Amino acid sequence: AKLMYAKTYKDWQWVIGSGVHISQLTESIQNKRNELKALVNGYFIKAGLIFLLTIFIIITLTRFMLKISKSGLEMLTQFYKNAASNSHIIDISKLHFKEFKILGEHANEMILKRKSIEHQLNIETAYFEQLFENSPEAIAITDNESNGIKINKQFTNLFGYTKEDLKGVVIDTLLADETRQDEANN
């Protein structure tokens with residue numbers, strides 16, 4: 001089958017015409033359709049591969065970030081678990097996130113302050129011990145029930161009791177005779 005078109009121009013005495021075989025036209029359209037279909041399929045395959053690659057990269061980065069986060073959290077958690085019993089400084093260079101580094105810096109400041117306070121407390125305790133032991137007055141430290149906890153040298157010199165004599169004993173019963181026990185207890 002053929003598709004034809006013709007037009008006459010009477011003034012010039014011309015007839016212009018053209019024709020196409022329908023089978024050739026159908027074949028040409030089918031070829032263009034197949035080319036477009038292959039092109040679209042190629043775009044879909046590329047888009048799918050890009051999507052899968054993007055998902056893979058996101059999953060890989062997420063796992064990596066979780067691993068880093070977990071190690072930082074474990075380091076900080078371990079620090080806070082042990083903070084009451086030891087004074088280890090956190091190695092901030094092993095923390096990968098700014099927020100963790102800030103927490104680490106604050107924790108290290110806390111440890112340094114605690115060390116300074118403990119040092120000052122040790123100095124004051126030693127000073128108190130020297131004052132207590134070298135006092136010219138007899139001194140006894142007791143608990144709320146007047147049980148002896150600690151005595152100084154002057155207490156031993158004056159009353160003759162040692163620290164071992166006072167363990168679990170109410171000091172008032174040692175120092176006051178029986179007639180003055182009520183007065184010592186009040």
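Treat the numbers as computed from the prediction; the structure is a model and nothing was measured.
- Between Ser116 atom OG and Ile111 atom CD1 the span is 12.5 Å, to the nearest 0.5 Å.
- Rounding to the nearest 0.5 Å gives a distance of 11.0 Å between CD of Gln78 and CG of Leu76.
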Exercise for the section: Please step through side chain to side chain donor-acceptor pair (under 3.5 Å) for the pair Glu35 and Asn31, ending with a clear verdict. Expected result: CA-CA 6 Å; Glu35 286 176 19; Asn31 287 342; over 6 Å; no
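- One finds the OH atom of Tyr127 at 12.5 Å from the CD1 atom of Ile123 (value rounded to the nearest 0.5 Å).
- Heavy-atom minimum distance, Gly148 versus Thr142: CA-CG2, 4.3 Å.
- Between Lys153 and Asn134 there is a side-chain heavy-atom pair separated by less than 4.5 Å.
- Counting heavy atoms from C-beta outward, Ser87 and Arg114 have side chains that approach closer than 4.5 Å.
- A salt bridge links Lys150 to Glu129: one of the charged nitrogens lies within less than 4.0 Å of a carboxylate oxygen.
- With hydrogens and angles disregarded, a donor-acceptor distance shorter than 3.5 Å links the side chain of Asn122 to the backbone of Glu118.
- The side-chain heavy atoms of Arg33 and Ile29, taken from C-beta on, include a pair separated by under 4.5 Å.
- Hydrophobic clustering (ILVMFWY, side-chain heavy atoms < 4.5 Å, transitive): Phe79 and Ile68 are in one cluster.
- Counting non-hydrogen atoms of neighbouring residues, nucleotides and ligands closer than 6.0 angstrom, the CE atom of Met110 exceeds 12 such neighbours.
- Checking side-chain atoms of Asn82 against main-chain N and O of Asn86 turns up no donor-acceptor pair under 3.5 Å.
- Taking a 6.0 Å sphere around CD of Glu109, one finds it holds more than 12 heavy atoms contributed by other residues, nucleotides or ligands.
- Taking all atoms of both residues into account, the shortest heavy-atom contact from Ile151 to Glu133 is O-OE2, 4.0 Å.
- Between Thr162 and Thr156, the shortest heavy-atom contact is CA-OG1, 4.3 Å.
- For the side chain to side chain contact (heavy atoms under 4.5 Å, CB included) criterion with Ile57, the lone passing option out of Ile55, Thr54, Ile59, Leu53 is Leu53.
- Ionic pairing of Glu105 and Lys101 is not present here: no N-O contact between side-chain nitrogen and carboxylate oxygen is shorter than 4.0 angstrom.
- Connection of Leu73 to Leu103 is established within a shared hydrophobic cluster, with ILVMFWY side chains joined at heavy-atom distances below 4.5 Å, either directly or through further cluster members.
- Annotation: the span from Lys2 atom NZ to Ser23 atom OG amounts to 10.5 Å, rounded to 0.5 Å.
- Heavy atoms from other residues, nucleotides or ligands lying under 6.0 Å from NE2 of His88 number 12 at most.
- Minimum heavy-atom separation, Ile90 to Met75: CG2-SD, 3.8 Å.
- At distances below 3.5 Å, at least one donor-acceptor pair connects side-chain atoms of Ser135 with backbone N or O atoms of Glu137.
- Between Ile141 and Phe132 there is a side-chain heavy-atom pair separated by less than 4.5 Å.
- Using modelled atom types, one side-chain atom of Thr125 and one backbone atom of Leu121 make a donor-acceptor pair closer than 3.5 Å.
- With values rounded to the nearest 0.5 angstrom, Leu3 atom CG is found 5.5 Å from Ile22 atom CD1.
- Without hydrogens or angle criteria, Asn152 side chain to Ala138 main chain gives no donor-acceptor distance under 3.5 Å.
- Panel note: side chain Thr60, backbone Phe56; a donor-acceptor pair is recorded below 3.5 Å.
- Judged by distance alone, with hydrogens and angles left aside, the side-chain atoms of Asp165 form no donor-acceptor pair with the main-chain N or O of Tyr161 at under 3.5 Å.
- In this structure the side chain of Leu112 reaches within 4.5 angstrom of the side chain of Ile89, judged on heavy atoms.
- Aromatic ring orientation, Phe97 versus Phe100: perpendicular (interplanar angle above 60°, classes split at 30° and 60°).
- A continuous path of ILVMFWY side-chain contacts below 4.5 Å connects Tyr80 to Leu95, so both sit in one hydrophobic cluster.
- Here the NZ atom belonging to Lys67 is positioned 14.5 Å from the OG1 atom belonging to Thr62, to the nearest 0.5 angstrom.
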